[in-house]
Each structure stands twice: as C-alpha cells, then as structure tokens.
Amino acid sequence: MADAATQVILPVLAAHEPEVLKEWLQRLRPDVGFSGDRLREGELQGQCTRFLRELRSALEAGAATIDSAAFASLREQLEDLSASRATQGFSPRETAVFVFSLKQPLFDVLQRHAPAGGNALEANLAIGLLLDSLGLFTMDAYQRTRESLIVRQQQEIAELSTPVIKLWDGILALPLIGTLDSQRTQVVMESLLEAIVQQSAATAIIDITGVPTVDTLTAQHLLKTVSAARLMGADCIISGIRPQIAQTMVHLGVELTVVSKATLADAFALALSKQGRTVTRIKAADASPRA
C-alpha cells in the first residue's frame, strides 16, 4: 500500500475504530450465516475486533502486501476463521462476506473523517484492493479446508462401506456395494487382511451382489484382493455374480481365477464343506397328541 494512502487511513482508523466496528457488525448481523447457534454475537464481535487490530498493526509496520511478515498474524486469523467456518458448514459466501463487508464501513468512515485534500480517493482504492486480497486469501483457505474434509469423509465412507463379517469360526464375509476403484480396493484389502489375522480365518467370501458392473479393471482389483488374502493363508470365494455380470465378463474375456458362486448362501455352504461341516434340516418333532 502506498505511503500516502497509509498516512490517510491509519489516523482515521485509529481514531474511529469503534465507529468502523459498529457499522461492520451491522452489515454482518443480517446475514443468515451469522444467525442461530453456529456463531454467537460475542464471538463475531471478538473476531471483528481482532481483525481491525491486526490490520492496523500491519499498516503501522509499513506492509505493502498481505504476503509480508507484518500480515502473518492476520493471515493466521483468517486461516483459523476459514477452517472453523468450513467445519461448521458455512457457505463460501458466508465466509467471504466477513472480509468483503468491511469495505463499505471503511469507505464511509474515510469519507466522513479524512482530512480535506488528504488523498482520500487514493486511500479508498488502496484499502479496497487490500481487502480484496485478504478476501481471496480467506476463500483459498476455506477451499483447502473443504477439500480436506471431503477427502476425509470419502475415506470414512469407504471404510464404513467395507465391513468384514464373521459368519462362522474361520469364515469371513466381505459384502461390497458400489464401484470398486483403486483407492477403495486398498481399503478393502487392508480391512480384509486385518480381519483374517484377527479371526485366524481360513476362508473369505467376497460378495459382489452390490457391485453394479464388473469390467476388466474391477476384476483386476478383485484378483489383487484374492491374491493378498492367499498370501495370508486364506482361500477366497467370490459370490453374487448375477447373470448380466456373467455375460458381460464373458464378452470382455474377463476370467476370475478363483472359485465363484451365484449367491452368498451357496458360497457359505461351500466354505462350511471345506471345514467338513454341512447344513442339514432338523426334523420337526411330532407335536400330535398321543393316545
């Protein structure tokens, strides 16, 4: 920021900071993002007060751009504020308005109190450009936090969508739902291998009833999981191959070098037979009264 503009802004901001704060809060309060229990009045006022204090401190240090060391504390505040807004579910607009809504109060106060002939127009332009830079910095910080949240939520959903179920002593089932890509395959593999070790399982049933399509890439992901399970000493059975998927696999020339069954029940029966067990129907006791 030019020295001439700073010399106009600093005295006005120092002398009339409560006035700027009051008008700034009046512009922020009607915004729907700052109502309710997500952000209280006292918290919002504290954030605005700290922002004005840090802004004045940076200008007093002669900082020309927001990348300078004098703006480090203000940048840190905006990063924390953006992260908090993103976590609480504030929209991008509700986050950006925190900085951009300060423009008009500063313009109005400069117009009322700047000395005549004191380059007020230059000061307005300079403070407007500075707040634009701070607003864009705030949006960048908000976007980084949102992207981080989305990635973490995707990982959590992937973990929740790959439960390993114990069907019997030594028999596990892994029902898959949705598309099986490389990232999810890694989660599936880790979950299954950990369960095999914990349960000392000899057989793992991978049920793909909920997988919409099985192409060459999906088959490769399945075979990687099967190979990893075999290295842990567990045999795998693929279940849930529907007629449409079977036809698609034949047309594509996809071959699963692993035992497969049409249903999970069939796969479970096969797994029991590998242990020398079988499922039999118990004959119901004769409930008719005896003479």
Are [X] and [Y] side-chain neighbours, meaning at least one heavy-atom pair lies under 4.5 Å?
X      : Y      : value
Leu272 : Thr278 : no
Leu102 : Leu52  : yes
Leu13  : Leu106 : yes
Thr209 : Thr263 : no
Ser133 : Thr65  : no
Leu176 : Leu222 : yes

Indicate, with yes or no, if [Y] and [X] share a hydrophobic cluster defined by side-chain heavy-atom contacts under 4.5 Å among Ile, Leu, Val, Met, Phe, Trp and Tyr.
X      : Y      : answer
Leu10  : Leu134 : yes
Leu44  : Phe100 : no
Val258 : Leu192 : yes
Leu174 : Met232 : yes
Ile9   : Leu21  : yes

Inset, instruction - Only counting residues at least two apart or in another chain, list the ones meeting ring-ring contact (aromatic ring centres under 6.0 Å, His included) with His221. - result: none
Legend entry - Which residues share a ring-ring contact (aromatic ring centres under 6.0 Å, His included) with Phe268, sequence neighbours left out: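 In terms of ring-ring contact (aromatic ring centres under 6.0 Å, His included), with neighbours along the sequence ignored, Phe268 is linked to no residue.
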What residues, two or more places apart in sequence or in another chain, satisfy side-chain hydrogen bond (donor to acceptor under 3.5 Å, both in side chains) together with [X]?
X      : value
Glu54  : Ser73
Gln111 : none
Arg277 : Gln275
Glu190 : Gln186

Mind checking the [atom1]-[atom2] spacing from [X] to [Y]? Nearest 0.5 Å is all I need.
X      : Y      : atom1 : atom2 : result
Ile237 : Leu270 : CD1   : CG    : 4.0 Å
Glu122 : Thr6   : CD    : OG1   : 9.0 Å
Ile245 : Asp215 : CD1   : CG    : 10.5 Å
Arg146 : Ser82  : CZ    : OG    : 12.5 Å
Leu131 : Gln104 : CG    : CD    : 11.5 Å
Met189 : Lys224 : CE    : NZ    : 7.0 Å

Please name the pair of heavy atoms, one in [X] and one in [Y], separated by the smallest distance, quoted to 0.1 Å.
X      : Y      : value
Ala219 : Val214 : N-CG1, 4.3 Å
Ile196 : Ala234 : CD1-CB, 3.8 Å
Val109 : Val12  : CG1-CG1, 3.5 Å
Leu149 : Arg152 : CD2-NH2, 3.0 Å
Leu130 : Ile66  : CD1-CG2, 3.5 Å
Ala86  : Thr145 : CB-CG2, 3.7 Å

Pairs touching [range] that satisfy salt bridge (Lys or Arg N to Asp or Glu O under 4.0 Å), sequence neighbours left out:
range            : answer
residues 166-179 : Lys166-Asp169
residues 103-115 : Glu19-Arg112, Glu23-Arg112, Lys103-Asp132
residues 258-269 : none

When you measure from the side chain of [X] to the backbone N and O of [Y], does any donor-acceptor pair fall under 3.5 Å?
X      : Y      : result
Ser227 : Leu223 : yes
Arg230 : Cys236 : no
Ser84  : Leu81  : no
Arg242 : Pro212 : yes
Thr203 : Ile171 : no
Thr95  : Ser91  : yes
Gln77  : Gln47  : yes

Inset, instruction - Return the set of residues passing salt bridge (Lys or Arg N to Asp or Glu O under 4.0 Å) with Glu147 (not counting sequence neighbours), or none when no residue passes. - result: none
Inset, instruction - Please collect all ring pair (Phe, Tyr, Trp, His ring centres under 6.0 Å) contacts where either partner lies in residues 43-87, sequence neighbours excluded, each pair once. - result: Trp24-Phe51, Phe51-Phe98
Inset, instruction - Considering only Ile, Leu, Val, Met, Phe, Trp and Tyr, and joining two whenever side-chain heavy atoms are under 4.5 Å apart, list the other residues clustered with Tyr142. - result: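 ILVMFWY cluster around Tyr142 also holds Met139.
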Legend entry - Full working for side chain to side chain contact (heavy atoms under 4.5 Å, CB included) between Gln220 and Leu217: CA-CA 5 Å; Gln220 290 176 356; Leu217 186 59; 3.8 Å; yes
Inset, instruction - State plainly whether the residues Arg53 and Glu17 are in salt-bridge range, i.e. N to O under 4.0 Å. - result: no
Legend entry - Arg56 bridged to Glu60 by N-O distance under 4.0 Å: yes
Inset, instruction - Run through Leu167, Val259, Asp235 and flag the one making a side chain to side chain contact (heavy atoms under 4.5 Å, CB included) with Ile205. - result: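 Going through Leu167, Val259, Asp235 one by one, the side chain to side chain contact (heavy atoms under 4.5 Å, CB included) with Ile205 is satisfied by Leu167 alone.
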